[in-house]
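Below you'll find the structure, written out as structure tokens, and then a few comments.
We count residues from 1, following the sequence as given. In each ligand, atom 1 is the first atom listed, and ligand 1 is the first ligand listed. When reading the values below, keep in mind they use all heavy atoms of this one structure, side chains included, and skip hydrogens, waters and symmetry mates.
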Amino acid sequence: MRLKDKVVIITGAASGIGRASAIRFAAEGAKVVAADRNKEPGLLCVEEIKSHGGDAQFIQVDVSSSHEVQKMIKTSIEKYQRLDVLFNDAGIFLHNVDGPVTAISEKVFEDHYNVNLKGTFLCCKYGIPHIIESGGGTVINMATVDAIIGIGYDGYAASKGGIVAMTRSMALSYGPQNVRVNCIAPGTVKTPINEGELNDIEKTKKYLQMTPLGRFAEPEEIASAALFLASDESSYVTGTTLVVDGGMSVI
Ligand SMILES: NC(=O)c1ccc[n+]([C@@H]2O[C@H](COP(=O)([O-])OP(=O)(O)OC[C@H]3O[C@@H](n4cnc5c(N)ncnc54)[C@H](O)[C@@H]3O)[C@@H](O)[C@H]2O)c1
């Protein structure tokens, strides 16, 4: 078991990549705090883990709220007394209203910023002291291929580009305290976040043409990358952006 007795917080665990990661991490022996703003599917994720003999707890949180993030960390520490891995997966992609900067509202920019970048910042700010107290560990942030190549969703790209830069900078800040900080940049993954996009035949065709592997990812394929970064198999990896995009960024 690659995460035996590691205590892990995964935000965004009610759906998609976060859910797949929570289930995979628990199967690898982790004690999983599945955090999300959506309660019902979050509880279902925890039930699924427990039905396979795993250890998990759901905590409801809006990662853009400092107060709620602090409460999430406190509740998690009260339950498990330590923190080894923080996976900041929660995010939004408002594809219906995002686009070129001149066309999008300030609110769309701010919403992406508040959940994706500030949410990651808050979880790190209040989670990392406990990782340090536990003797070190690892942080996994969630970016996107849009932070590496231009796709045209400027608000989303800005929030995720900030995560790539912050990840590098944090690796420098916390390496001496034995905290590794990395991020993942997925291409197109079959999850509810881009359901609207993937129901659009023209866009689906365009994205498939942009992807050398000729298919979209399953959430479990991103969870595998997260597991690598969470486990000791990546013990000398920090500050990196692990691109998991079916080759999208090489075209
Ligand atoms: N699906 C893709 O193609 C893709 C590609 C690149 C990056 N990503 C990133 O992966 C991450 C996970 O997305 P997904 O594809 O699994 O989508 P998803 O919609 O299935 O899951 C996102 C989860 O985040 C939660 N969430 C959203 N805002 C929150 C908030 N303020 N507080 C707490 N929880 C919140 C949602 O409730 C949901 O459960 C996101 O950060 C997303 O930007 C996804």
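Classification of the F25-F87 ring pair by plane angle, with boundaries at 30° and 60°, yields parallel.
Interface of P192 with ligand 1, defined as ligand atoms under 4.0 Å from a residue heavy atom, comprises 20 (O). Close approach of ligand 1 to G16 is summarised as follows: ligand atoms under 4.0 Å from at least one heavy atom of the residue are 16 (O), 20 (O). Residue T188 has at least one heavy-atom neighbour below 4.0 Å for each of these atoms of ligand 1: 3 (O). With ligand atoms numbered from 1 in the order given, ligand 1 contributes 32 (N), 33 (C) to contacts under 4.0 Å with heavy atoms of V61. Atom numbering of ligand 1 starts at 1 in the shown order; those under 4.0 Å from a heavy atom of T144 are 6 (C), 7 (C). Contact atoms of ligand 1 toward N38: 37 (O) (distance under 4.0 Å to a heavy atom of the residue). Within the listing of ligand 1, atoms 10 (O), 11 (C), 12 (C), 40 (C), 41 (O) sit less than 4.0 angstrom from a heavy atom of D89.
Of the listed options F93, F216, Y156, Y156 places a heavy atom closest to atom 8 (N) of ligand 1. Of the candidates D111, I163, V63, I184, V63 brings a heavy atom nearest to atom 30 (C) of ligand 1.
Two residues are said to be in side-chain contact when any heavy atoms from C-beta on lie closer than 4.5 Å; E197 and Y207 meet this criterion. In this structure, E40 and L44 have side chains that are not in contact, with every pair of non-hydrogen atoms separated by 4.5 Å or more. You'll find the side chain of I140 stays beyond 4.5 Å of the side chain of L242, heavy atoms only.
Protein heavy atom in closest approach to atom 38 (C) of ligand 1: D36 OD2, 3.5 Å. Counting protein heavy atoms only, atom 15 (O) of ligand 1 is closest to T191 OG1, 2.5 Å. Of the protein's non-hydrogen atoms, the one nearest atom 13 (O) of ligand 1 is I193 CD1, 3.9 Å. The protein heavy-atom contact nearest to atom 34 (N) of ligand 1 is R37 N, 3.3 Å. In this structure, the protein non-hydrogen atom closest to atom 10 (O) of ligand 1 is M142 CG, 3.3 Å. In this structure, the protein non-hydrogen atom closest to atom 2 (C) of ligand 1 is N194 ND2, 3.3 Å. Looking only at protein heavy atoms, the nearest one to atom 31 (N) of ligand 1 is D62 OD1, 2.9 Å. For atom 20 (O) of ligand 1, the closest non-hydrogen atom on the protein side is S15 OG, 2.5 Å.
For Y174, the OH atom is loosely surrounded, since the number of other residues' heavy atoms within 6.0 Å does not exceed 12. The 12-atom threshold is exceeded at CD1 of I251, counting heavy atoms of other residues, nucleotides or ligands nearer than 6.0 Å. By the neighbour-count criterion of 12 heavy atoms within 6.0 Å, atom CD of E78 is densely surrounded, having more than that number from other residues, nucleotides or ligands.
Shortest non-hydrogen contact noted between C45 and R19 is SG-CG, 4.0 Å. Considering every non-hydrogen atom in both M210 and P212, the closest pair reads O-CD, 3.5 Å.
At least one heavy atom of G187 sits less than 4.0 Å from an atom of ligand 1. For the ligand labelled ligand 1, residue T11 lies outside the 4.0 Å heavy-atom shell.
Considering backbone and side-chain N/O of I17, one or more are found under 3.5 Å from N/O of ligand 1.
S66 and Q70 share a donor-acceptor pair across their side chains, judged by distance under 3.5 Å alone. Counted by atom type alone, T120 and N141 present zero donor-acceptor pairs between their side chains at under 3.5 Å.
The proximity of K160 to ligand 1, defined as any non-hydrogen pair under 4.0 Å, is limited to the side chain. If you look at A143 next to ligand 1, the close heavy atoms, those under 4.0 Å, all belong to the backbone. If you look at I92 next to ligand 1, the close heavy atoms, those under 4.0 Å, all belong to the side chain.
Cluster membership check: L227 shares its hydrophobic cluster with M142, using side-chain heavy-atom separations under 4.5 Å among Ile, Leu, Val, Met, Phe, Trp and Tyr.
Of the candidates T167, V181, V139, V139 is the only one forming a side-chain contact (heavy atoms from CB on, under 4.5 Å) with C124.
With N116 contributing its side chain and I92 its backbone, the two residues share a donor-acceptor pair below 3.5 Å.
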